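Remarks on the structure that follows.
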Amino acid sequence: MKTLFISREGDSLDLSMRMQQEGSRVATYVKDKTWGPDIYKGIINFSKTWSDKIPGADLVFFDSNCDLSPIKRAVWESKKPAIGICHTRKPITICGKTVQPWDFPLETEVDRKWGHKLLEHFKIGNPMPFWEFTNIVDAVKFIKEKPGAYVLKIEGSADSDLTYVGITEDGEDILKYIDTLPERPDLKGIKKIILEEKKTGIEIACGSYFIRMDITATDVNFEHKLYATGNENDKFKGLGSNTGEQGTLIRMADNHPLFKQTLEKMGDFLKTVDFRGQIDINTIIDKDGIWPLEFTIRTGVPAYMIEMEFERNWSEFLTAMGSGERYEVKSDNSWALGAVLCGNGYPFYEDVGSKKSYLMPIIGVTPENLKHLHFLHVLLKGQDLYTMNAYIGCATGKGKTIEEARDSVYNKLLPAIKIPGCYYRVDIGKRVELQLPELEKLGYGF
């Protein structure tokens, strides 16, 4: 089998390597070389182009939505089995908007107002109160007239790390945060500023892989987004509220109430547009029910790395999905956990792509523990792995209980690995253990 991975920044490099180890013939095209030309060199097979690889590919896999639209269109036109697009042969019209089949995942992510309309259309949870603005002045005026805690999001191609979750009840902190936005170099992609009402319940998400005729590999997951153990970023100078996902706890659960009240409601529509890939809906749950926050219609990082703890042949699984064929993944009712491993420069990415960011050795990797170590920004020098000053990867483990999963990562796997300057949160899953009784009480227990 020949698989062509098309990546914006290299998020799927570990998956490419795993499928190559399974015997698949893999070629990977990475559009953005910011991380340097040597990442994964000598580990997987890279291609400098993508167009000449499409005719011979049995499967095309997209790991991102942004900046890949022309390539997605070309793959859609080729009618090749592909993950990350809709395969319907006509434009998709719903909730007052028409999008092309290859751009449906992207539009749900960048057009947040339309994404909220979709959630309401499928009667997924309670409508989340939100307001949108085309300029900073109007957003500031709104907060001053209606003080409160808000979640600020950016619509457009700007980095999602600009998302800010307010911490003061009068909105003082979010006003000060907004005041810094004009100074940020990554604002060129901003179309609108979104303010969501902040909810304070339990954050919980549901994800599933969708195939033409089936829904499979359903999970419930809990992201841990802040950089510091204990969800405290103020200990680290210069860090904002959101520094990307630092770890996740996942439970395979086919019949969980959250799935039935969220993704299952979209099932018939997604089959109609012939979407093949993964969808995740993040929510807040409280005594008033489900408050959906947003869609993620792509294979997430580090989610897919943690999902590898739930054993399956990924070459067979993804090929069946891209081809629209039924493939059953059985749940084993276990918990899988992943802790993100960060280099010295993360999350600021200082010196990324320069030679001085290359020289941190990774010690202790064996064929056995490599099954649970998933690397991203690394390179091979001789027979040795070295990190970059960035997102090193993710350490994963599994157990029948959350504590067993934590033990497999924190007490068994990570003590055997030595990486100079490496940082990771040591509390992934702890919060969820405390929340389980409340989830049970609200009707979303396990």
Side-chain angles (χ1 to χ4, degrees), residues 1-31 38-64 68 71-72 74-76 78-85 87 209-214 216-217 275-278 298-330 336 338 365 367-380 383 385 393-394 396:
M1 187 191 81
K2 298 178 182 178
T3 301
L4 172 61
F5 280 86
I6 297 178
S7 175
R8 181 192 180 196
E9 295 179 321
D11 287 350
S12 56
L13 298 182
D14 177 75
L15 182 56
S16 300
M17 181 188 75
R18 307 289 167 168
M19 289 180 59
Q20 190 169 284
Q21 290 172 341
E22 290 175 345
S24 296
R25 296 174 62 185
V26 175
T28 298
Y29 169 80
V30 180
K31 182 179 180 181
D38 295 331
I39 289 182
Y40 265 77
K41 185 177 181 180
I43 300 175
I44 61 173
N45 297 317
F46 285 96
S47 176
K48 293 182 179 179
T49 61
W50 55 269
S51 57
D52 61 334
K53 299 295 181 182
I54 292 176
D58 299 307
L59 173 69
V60 181
F61 181 97
F62 291 97
D63 69 8
S64 179
L68 294 178
I71 306 177
K72 286 193 170 189
V75 171
W76 178 84
S78 75
K79 298 184 180 181
K80 284 286 184 178
I83 291 172
I85 63 173
H87 290 255
Y209 284 92
F210 284 78
I211 308 175
R212 176 193 301 165
M213 62 184 73
D214 205 0
T216 188
F275 173 74
R276 305 173 198 177
Q278 189 178 35
R298 53 185 161 80
T299 302
V301 178
Y304 81 80
M305 299 172 174
I306 304 168
E307 288 168 1
M308 288 184 180
E309 292 291 329
F310 305 111
E311 293 183 9
R312 71 194 73 156
N313 184 295
W314 282 82
S315 299
E316 294 177 358
F317 174 55
L318 296 179
T319 300
M321 186 184 310
S323 302
E325 300 171 356
R326 191 178 301 277
Y327 190 99
E328 183 180 1
V329 176
K330 294 182 179 180
V365 177
E368 183 57 33
N369 63 29
L370 186 58
K371 297 175 184 177
H372 311 284
L373 291 169
H374 305 269
F375 294 115
L376 195 57
H377 298 150
V378 299
L379 71 100
L380 192 65
Q383 297 298 312
L385 277 174
C394 186
T396 67

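The analysis underlying the following values was restricted to heavy atoms, covering all of them including side chains, and did not include hydrogens, waters or symmetry mates. Note that the structure is a prediction, hence the values are computed from the model and not measured.
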Worked verdict on Asp63 versus Ser7 for side chain to side chain donor-acceptor pair (under 3.5 Å): CA-CA 6 Å; Asp63 69 8; Ser7 175; 2.7 Å; yes
Do side-chain atoms of [X] reach the backbone of [Y] as a donor and acceptor pair under 3.5 angstrom?
X	Y	answer
Glu22	Asn313	no
Ser78	Lys80	yes
Thr28	Phe5	no
His87	Ala82	yes
Asp58	Lys2	yes
Glu9	Ser64	no

Output for pair (Phe61 CZ, Thr3 OG1), nearest 0.5 Å, gives 10.0 Å
Candidate pair Ser24 and Ser315, rule side chain to side chain donor-acceptor pair (under 3.5 Å), full reasoning: CA-CA 7 Å; Ser24 296; Ser315 299; 2.7 Å; yes
Could you walk me through whether Met1 and Met19 satisfy the side chain to side chain contact (heavy atoms under 4.5 Å, CB included) test, starting with their C-alpha distance in whole Å, then the side-chain angles of each, then the deciding distance to 0.1 Å, before giving a yes or no? CA-CA 10 Å; Met1 187 191 81; Met19 289 180 59; 3.7 Å; yes
Stepwise, does the side chain to side chain contact (heavy atoms under 4.5 Å, CB included) test hold for Lys31 with Ile6? CA-CA 8 Å; Lys31 182 179 180 181; Ile6 297 178; over 6 Å; no
Begin with the C-alpha distance, continue with both residues' side-chain angles, and end with the deciding distance and a verdict on side chain to side chain contact (heavy atoms under 4.5 Å, CB included) for Arg326 and Ile211. CA-CA 7 Å; Arg326 191 178 301 277; Ile211 308 175; over 6 Å; no
Report yes if the distance between the aromatic ring centroids of Tyr209 and Tyr327 is under 6.0 Å, otherwise no. no
Got a sec, which residues hit salt bridge (Lys or Arg N to Asp or Glu O under 4.0 Å) with Asp14, two or more places apart in sequence or on another chain? Arg18
What's the verdict on side chain to side chain contact (heavy atoms under 4.5 Å, CB included) for Leu13 and Phe46, showing C-alpha distance, side-chain angles and the deciding distance? CA-CA 10 Å; Leu13 298 182; Phe46 285 96; 3.9 Å; yes
Ring-face cation of Lys53 near Tyr29 (centre distance under 6.0 Å, axis angle within 45°): no
Flag yes if more than 12 heavy atoms outside Glu311 fall under 6.0 Å of its CD atom; otherwise flag no. no
